[in-house]
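Right, one structure below, let's go through it.
Per chain, numbering begins at 1; letters A, B, ... match sequence-line order. Keep in mind that this is a model prediction, so the values were computed, not measured.
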Protein chains: 4
Amino acid sequence: MTRTPNPDRRRDRSRRATLAAALELCVERGYAAATVDAIAARAGVSKATIYRWWPAKSAILLEAVDEAAPIPETFPDTGDLAADLLAWLSGILGVFRDPHLGPAFTGLLAESQLDAHLAQQLRERLIDHRVAQLEERMTKARENGELAADADLEVALDVLHSPIYRRQALHYPLPDDTYLDRLISLVMRAIGPAHTD
Amino acid sequence: MTRTPNPDRRRDRSRRATLAAALELCVERGYAAATVDAIAARAGVSKATIYRWWPAKSAILLEAVDEAAPIPETFPDTGDLAADLLAWLSGILGVFRDPHLGPAFTGLLAESQLDAHLAQQLRERLIDHRVAQLEERMTKARENGELAADADLEVALDVLHSPIYRRQALHYPLPDDTYLDRLISLVMRAIGPAHTD
Amino acid sequence: MTRTPNPDRRRDRSRRATLAAALELCVERGYAAATVDAIAARAGVSKATIYRWWPAKSAILLEAVDEAAPIPETFPDTGDLAADLLAWLSGILGVFRDPHLGPAFTGLLAESQLDAHLAQQLRERLIDHRVAQLEERMTKARENGELAADADLEVALDVLHSPIYRRQALHYPLPDDTYLDRLISLVMRAIGPAHTD
Amino acid sequence: MTRTPNPDRRRDRSRRATLAAALELCVERGYAAATVDAIAARAGVSKATIYRWWPAKSAILLEAVDEAAPIPETFPDTGDLAADLLAWLSGILGVFRDPHLGPAFTGLLAESQLDAHLAQQLRERLIDHRVAQLEERMTKARENGELAADADLEVALDVLHSPIYRRQALHYPLPDDTYLDRLISLVMRAIGPAHTD
DNA sequence: TGTTAACCGAGACGGTACGTCTGGTCTTAGA
DNA sequence: TCTAAGACCAGACGTACCGTCTCGGTTAACA
């Protein structure tokens, strides 16, 4: 009847095996085929154990992706905002394209659309703090004069990464580097420092 | 037997009842609860009939949304591009927010993320031609001098509507009119005609 | 709305094609696979036509078997009762074993077990009058002194042909000629004329 | 996954509830209406569980009848063969007439006719060993001089119980006690000890 | 020779049972 | 107490067959 199992006694082995199996199955057979039964079987872990520690399949994948996703602890600040934006957007694209993480991540995005609670988890654990880093960098840039003083950063942020999500969601080809350059260029035209001419 | 039933003989009653029931169930109980069994039961139609005409639940809803979605036959061209963009974006938002269509449409978006074929159908039947109208309007605007001669329309288009999809997908609040104004303003700053001042 | 179709206007072609198709399907794929849809398709006849003239699949096959079954118009009376019984029992066995009729007939027997009305039809159209012929022959034999005066003909009749049905029903091997001889011999011992020796 | 589930882990509750529900539905609504869905619903058991343990509806009922059928462990041997035969035949008739078992048993008999494998199961689990008891009794009787030394026991056995099956199969009235007396009397005349007169 | 009523082939339809599948819960025995 | 194994309930899935129905087209007797 333990509602909150004692995490200290938890076998780390089963936790890691579960997360690994979940990711692998997403890679090999797709998000839909990564059923809890299949994950348990591959991990050599019982379903009961899985459900003791995670409330649903999506929670497993969320944790797996969270743990495996590269966390750029500090946002790059080379002094060249455009270059930094490109690095940041490339990093996001990298997660979508990552052969190990991509299928799981996009699966989570899909399920989030039908599950507000999962969406919240996803935002909090995978997305918001990354966006916050970007926001910080841009705020600094605005203060530095790298951006116009009246630059609408909230909209600019949305505009920068939303196309990736939309293209993924609708199976349009994901942006390539050229596209990212054009995107950044457009945004910089809009919120860059006022023309000197 | 007959793999491809004869559409001429189709009962219109059952077709309309099925589409209506599918939309209603999405509204009342959500996309996930709109099972084929439930749709058949509510429509007073047999499952065999449904599967005769649609390969899956998503196909029913795609057709239902397609048929019920307001089709702005001609893109508004008031001469004021910013106003036209606002109208267009509001129209898209309207579909997401439509109490009758929204649940079904967002459910389709979610499922598309896991199903490339459905995504293609969705793009072709619901999205691409609407975007094409906007593209046409913007191309004309660029020729008219309403936009900069070197305006990157492809990126601008993406940038204009992608935030709506991303916000919906992650259950962020959908944009309001103020947001749309700021978005359009940002884009116009980037691709609007060169300043004369 | 014709409740009782006019038999005069009936197309003989569709009737014969239906009966033939039904029997063939029983032979080729078994009674269960001889669905009304399959019969209609093979006969080149519409299901509506079939249901206009027959209330159910079993009725089709009943008619088909009835028409195709060899009807020994007169019971053989060679003067040798044992020989006549053997001929009669062989005739019954012949229907079970007939490659053309057997599957349909045994299918009807099976379905009769679950459907009292069909059982009645089967008895009336295929069985009772054949048994009545035997009964008549035996009654005559009793009068002739070929049988004991107190011979229990009703039980003797039952005993003579019931083993065939039971063996068929439970997929025991059907009786062979030796068995029939022994069976007749046993019955004749019981109801034959009193020993003179 | 597990093709052959581990019977040790089986929940006895669901097994018994399933068997009971199957029999009850046969009694209340007939063999045909005892669908797997209905059995599952009444038993409070999921269809998956049923199909894990039984391959088909008939297997459920076979097991249910087998378990519920009274098994006369030892064939009665009162010294009076005719009386013993009557008891044995009455026992068989009892199963057909049993308000609890009859519908299920006759349903199984019907289905056996179309399904050789089921017929084999039915013979092995419900019929053959009962018949073997009778055969043993009669063999002993022949050795004792209760029967003629040359009595054809195989045919006699067939003859004794086949009429019950045939009458049931074709919905003739089942034999009553008088009939059984006459039947036994006929058989005893045929294979009883030689006349002394 | 044209009308017309019934039959006919084709097959869509509502209904219902099937047997399979997955998600999430519960039980058992062992460590 | 936690674990592995896996049985369990719930219920959606897509298929098959049933018997009814609707649609035009075709006969064939009557006008």
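The nearest whole Å value for the distance from the CD1 atom in I50(C) to the P atom in dC17(F) is 14 Å. The nearest whole Å value for the distance from the CG atom in D8(B) to the P atom in dG25(F) is 12 Å. Rounded to whole Å, the distance from CZ on R16(B) to C1' on dC13(E) is 15 Å. Put simply, NZ on K57(B) is 10 Å from P on dG14(F), counting in whole angstrom units. As a whole-Å value, the separation of I60(C) CD1 from dG19(F) C1' is 12 Å. Computed from coordinates, the I39(C) CD1 to dA10(E) C1' distance equals 17 Å when rounded to whole Å. Atoms CG (L118(A)) and P (dG24(E)) sit 12 Å apart, rounded to a whole Å. In this structure, the CZ atom of R11(B) is 11 Å from the C1' atom of dG14(E), given to the nearest Å.
The closest donor-acceptor contact from the side chain of H171(C) to the backbone of Q120(D) lies at 3.5 Å or more, if one exists at all. A donor-acceptor pair is defined here as one N or O able to donate and one able to accept, closer than 3.5 Å; such a pair exists between the side chain of K57(C) and the backbone of Y31(C).
Both R10(B) and A32(A) lie close to DNA chain E; mapped to their nearest nucleotides by heavy-atom distance, the more 5′-ward contact belongs to R10(B). Comparing A34(B) and G44(A) along DNA chain F, the residue whose closest nucleotide (by nearest heavy atom) sits nearer the 5' end is G44(A).
At the heavy-atom level, W54(C) lies nowhere under 4.0 Å from the strands shown. R9(B) comes within 4.0 angstrom of a nucleotide base, judged by non-hydrogen atoms across all strands. Using a 4.0 Å heavy-atom distance criterion, A40(C) is classed as making no nucleic acid contact. Using a 4.0 Å heavy-atom distance criterion, A56(D) is classed as making no nucleic acid contact.
Of the candidate nucleotides dG14(E), dC9(F), dA4(F), dA4(F) has the atom nearest to the side chain of V45(A). Comparing dA7(F), dC13(F), dG11(E) against the side chain of K47(A) picks out dA7(F) as the nearest.
Side-chain N/O atoms of R13(B) include one lying less than 4.0 angstrom from OP1 or OP2 on dG14(E). For T49(B), no side-chain nitrogen or oxygen approaches OP1 or OP2 of dA12(E) to under 4.0 Å. For S46(D), no side-chain nitrogen or oxygen approaches OP1 or OP2 of dA10(F) to under 4.0 Å. In terms of phosphate contacts, R15(B) brings no side-chain nitrogen or oxygen within less than 4.0 Å of OP1 or OP2 of dC13(E). At the phosphate of dC13(E), OP1 or OP2 sits under 4.0 Å from a side-chain N or O atom of S14(B). Contact check, Y51(C) against dG19(F): a side-chain N or O comes under 4.0 Å of OP1 or OP2. Remark: W53(A) is not in phosphate contact with dC2(F), judged by side-chain N or O atoms under 4.0 Å from OP1 or OP2. When the side-chain nitrogen and oxygen atoms of R52(A) are compared with OP1 and OP2 of dC26(E), none of them lie within a distance under 4.0 Å.
Proximity of L170(B) to L109(A): side-chain heavy atoms (C-beta onward) are separated by under 4.5 Å at one or more points.
A cation-pi arrangement is present between R10(C) and W53(C) under the rule of less than 6.0 angstrom and at most 45 degrees off the ring axis.
Here the CG atom belonging to D66(D) is positioned 10.0 Å from the CG atom belonging to L19(D), to the nearest 0.5 angstrom. Rounding to the nearest 0.5 angstrom, the gap separating the CG atom in L23(A) from the NE2 atom in H100(A) is 5.0 Å.
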